[in-house]
Amino acid sequence: MAKATWKVKTGLAQMLKGGVIMDVVTAEQAKIAEDAGACAVMALERVPSDIRADGGVARMSDPTKIIEIQQAVTIPVMAKCRIGHFVEAQILEALGVDYIDESEVLTPADEEHHVWKHDFNVPFVCGCRNLGEALRRISEGAAMIRTKGEAGTGDVVEAVRHNRTVLGQIRKIQNMSSDELATEAKNLGAPLDLVQSVKELGRLPVVNFSAGGVATPADAALMMHLGSDGVFVGSGIFKAQNPSAMAKAIVKAVLQYKNPKIVADVSKGLGPAMSGISTRELPDNELLATRGW
Amino acid sequence: MIIGVMAVQGDFSEHLAILKTLNVQTREVRLPKDLEDVDGLIIPGGESTTFRKLFDIYELTDPIKRYAQSGRPIWGTCAGMIMMAQTLTDDRPEPLNLMNITVKRNAYGRQLDSFEANIPVSVIEGNPIHAIFIRAPSFTYIGENVEVIAKLNDGTPVAVKQDNMLATAFHPELTNDVRFHKFFISLIK
């Protein structure tokens, strides 16, 4: 019997596919998410839009909050650590979280190194803006990828950009010969064996969700059409006027994304989505997606 | 012959991929009409609480029960096995009450306790099956009319069969071994 194998780590992400992972800050919110049909929750101290508004250093949640959330729900509980902060990751592993998100939403602890995730028994999910970044994280041990988008904005444009970038780069690789792949690996800054496996599979070798800016059922369905395996929704739910209704509607839209009549139906009468910020109006130093390499 | 895979959430595409390598016609089941003419049905791995909510929202619960009552084969893997149960040790979600079994969710613990093991399966010839258990459920009661077809080394039952119904705590769809899917197809008349 073998635990913490690559298959077991990537396998949990496979079970989450077609689902919605919701950011929650309290046990009460976690229950609302579970009742709405979330396939997992992400425990964090503040939702990204509050992190933006409050400024300061954003860190891992208080373990007490994480334990309360673990006790409140039976779905998997994920939690965020800062980029490169392997001690926060060790704490989250000791708490028995089901997945760790080494996340650009928190203030990075290390601007040069990400956590060496192979050292851990708990699986990791990491963000990416393009294929090279995704494959670098996988080579460090990430068992699941999410495109970064721009968290806490409610503006889906960066999520779309990052997702289309990854997909476009995968399509390009599929037409390359072996010698071209070696050059492409160099250009992407990614290990050749992973680039070869992307060509063979026609997709990333791990599950890939979308994140960062999804605020409505239509946004979620859009990301599914663009080839995402599922979506993370952060501020979009608990900053909406009616979080429970918004959460349920996004879950339904992810399932029935191919059926516009159903997506239309679930979009009715939800009240205002989060107000949001246009990503174009953000100064460079307020962009979260550029954290990490 | 058409095999349907419940496609509300979870690893349905892994099941579909294996069925395609066996040259079987497949269908993603998201709405009740998708169930009408299927000859076999798989409930995949995923989140059982999510499954049950979406089954209710899209009015799939009764059609799945009617499908099972028709005697056509049905197989649940992991979260699917939870759905197959008569009762759970948890107060949620409400299972579909298809097989005479009681199931405990997350029986081995959290993700850190997920594991892989090689286990012999009585209905499958040849080498043991490589079984992957992810936040897996276990049986706390197995009725007299239910046959145990696989156990861990310590004797814990991990797969059962009752007439044309199968429940496995592990995920044959996460491996390249097609024998379990072949066995399921062999149940279809």
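Here is the naming used below: chain letters follow the sequence lines, and residue numbers restart at 1 for every chain.
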> So, the side chain of A:Lys7 versus the backbone of B:Leu174: is there a donor-acceptor pair under 3.5 Å, distance only?
Replying inline: yes
> Where on A:Gln256 is there a heavy atom nearer than 4.5 Å to chain B: the side chain, the backbone, both, or neither?
Replying inline: side chain
>> Just so I know, are the side chains of B:Tyr58 and A:Ile262 near enough to count as touching, which here means a heavy-atom distance under 4.5 Å?
In response: yes
> Would you say the side-chain atoms of B:Gln111 pair up with the backbone N or O of A:Val77, donor to acceptor, closer than 3.5 Å?
Replying inline: no
>> Does any part of the side chain of A:Val251, heavy atoms only, come nearer than 4.5 Å to the side chain of B:Ile57, both counted from C-beta?
In response: no
> Given the rule in the side chain to side chain donor-acceptor pair (under 3.5 Å) test, do A:Lys17 and B:Ser13 qualify, once you have shown the distances and angles that lead to the verdict?
Replying inline: CA-CA 9 Å; A:Lys17 289 196 301 179; B:Ser13 59; 2.9 Å; yes
>> With a 4.5 angstrom heavy-atom cut-off, is it the side chain or the backbone of A:Lys248 that approaches chain B, or both, or neither?
In response: neither
> Is it the backbone or the side chain of B:Asp90 that comes under 4.5 Å from a heavy atom of chain A, or both, or neither?
Replying inline: side chain
> Which answer fits B:Arg105, side chain, backbone, both or neither, if we ask what part of it has an atom under 4.5 Å from a heavy atom of chain A?
Replying inline: side chain
> How long is the gap from CG on A:Leu12 to CD1 on B:Ile132, to the nearest 0.5 Å?
Replying inline: 12.5 Å
> Do the non-hydrogen side-chain atoms of A:Gln70 and B:Arg110 ever get within less than 4.5 Å of each other?
Replying inline: yes
>> Looking at B:Gln9 and A:Met15, would you say the former's side chain and the latter's main chain have a donor-acceptor pair under 3.5 Å?
In response: yes
>> Can a donor-acceptor pair be found, under 3.5 Å and without considering hydrogens, that links the side chain of B:Ser114 to the backbone of A:Val8?
In response: no
> Any side-chain heavy-atom pair from B:Glu28 and A:Lys258 closer than 4.5 angstrom?
Replying inline: yes
> Relative to chain A, which segment of B:Ala79 carries a heavy atom at a distance below 4.5 Å: side chain, backbone, both, or neither?
Replying inline: neither
> Given that the side chain runs from C-beta out, which part of A:Pro76 has a heavy atom under 4.5 Å from chain B: side chain, backbone, both or neither?
Replying inline: both
> Is the closest side-chain heavy-atom distance between A:Glu34 and B:Arg92 below 4.5 Å?
Replying inline: yes
> Checking A:Ala36 against chain B: side chain, backbone, both or neither under 4.5 Å from a heavy atom?
Replying inline: backbone
> Using non-hydrogen atoms only, which part of B:Ile119 is less than 4.5 Å away from chain A: side chain, backbone, both, or neither?
Replying inline: neither
>> Under 4.5 Å from any heavy atom of chain A, what part of B:Leu112 do you find: side chain, backbone, both or neither?
In response: both
> Where on B:Arg30 is there a heavy atom nearer than 4.5 Å to chain A: the side chain, the backbone, both, or neither?
Replying inline: both
